[in-house]
Amino acid sequence: MRTPFLAGNWKMNLDRRAALDLVAALRERFADRDDVDAAVCPPFVYLAEVVRALDGSPIRVGAQNCCDEESGAFTGEVSAAMLKDIGCDLVILGHSERRHVYGETDELVNRKVHRALATGLDVILCVGETLEEREAGRTEAVVRAQLQGGLEGVDGAAMERVTIAYEPVWAIGTGKVATPEQAGEVHAYLRGLLTGRFSESIAAGVRIQYGGSVKPDNVRELMAVADVDGALVGGAALTPDNFLPILEFDR
Ligand code: PEP
């Protein structure tokens, strides 16, 4: 039985005050709970303070990106080791905004995955098709290439520290949510790919999150779908009013 893993991706939103208010609300609600696996992923500049604010809480802290290189002359980049150093637990890699706005390729995402894992960070690896790709019947081919490319050279033991997030690009920030059937089909397909690439028992342990306009009023039906093991949440992760009911969805 996989414990659902729910993570909030703040993207480039919130200011310091709003960030600290949000994590204070999360901290208070989850002070004595060990039955929830949840994370927040603030912008880089707020990470250290959020880590401190959540110290001793079960809520984990992740970054939204990291550099593929270890250290050196990479102006504007942040290394996996720096994230680990300040107390981050995980990093989101291959988010569609990184792929489509900043041109990240599967090869680059794969190098980042290796760097993050070698540094001791857990990874949320995002995959997902655009509307054009879905309409052209290419959903499986696209997510297959992203999954296989992103995990190239990753061994089965490391998969304990990897979560896959299926995020159809057409559902991110648009209010258009995948139907439970659409999500279920792709999640089952991804699970099958993981089984082929690793083994049935390793694939059975990997959590596959759904992401794309998850809200308090649709989280329950999405999480009820076989092979959907949590959510990566953008807009609705920015306020306690939305994020708390998502974290506490009726399991
Ligand atoms: C995301 O940023 O990964 C995301 C799924 O965003 P939203 O929930 O706003 O669609």
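Just follow the structure's listing: the first ligand is 1, and inside any ligand the first atom is 1. Worth saying up front: this structure is predicted, and the values here are computed from it rather than measured.
Ligand 1 is surrounded by Asn9, Lys11, His95, Glu167, Ala171, Ile172, Gly173, Gly211, Gly212, Ser213, Leu232, Val233, Gly234, Gly235, each with at least one heavy atom closer than 4.0 Å.
Both cation-pi conditions hold for Arg98 and Tyr102: the charged atom is under 6.0 angstrom from the six-membered ring centre and inside a 45 degree cone around its axis. A cation-pi arrangement is present between Arg60 and Phe5, with the terminal nitrogen or guanidinium carbon under 6.0 Å from the aromatic centre and inside a 45° cone about the axis.
Using a 4.5 Å heavy-atom threshold, the side chains of Leu247 and Leu26 count as touching. Side-chain contact between Ile86 and Val61 is absent, with no heavy-atom pair separated by less than 4.5 Å.
Taking every heavy atom of both residues into account, Ala7 and Phe243 meet most closely at C-CZ, 4.0 Å.
Note that CE of Met82 and CG of Leu47 are 13.0 Å apart. Values are rounded to the nearest 0.5 Å.
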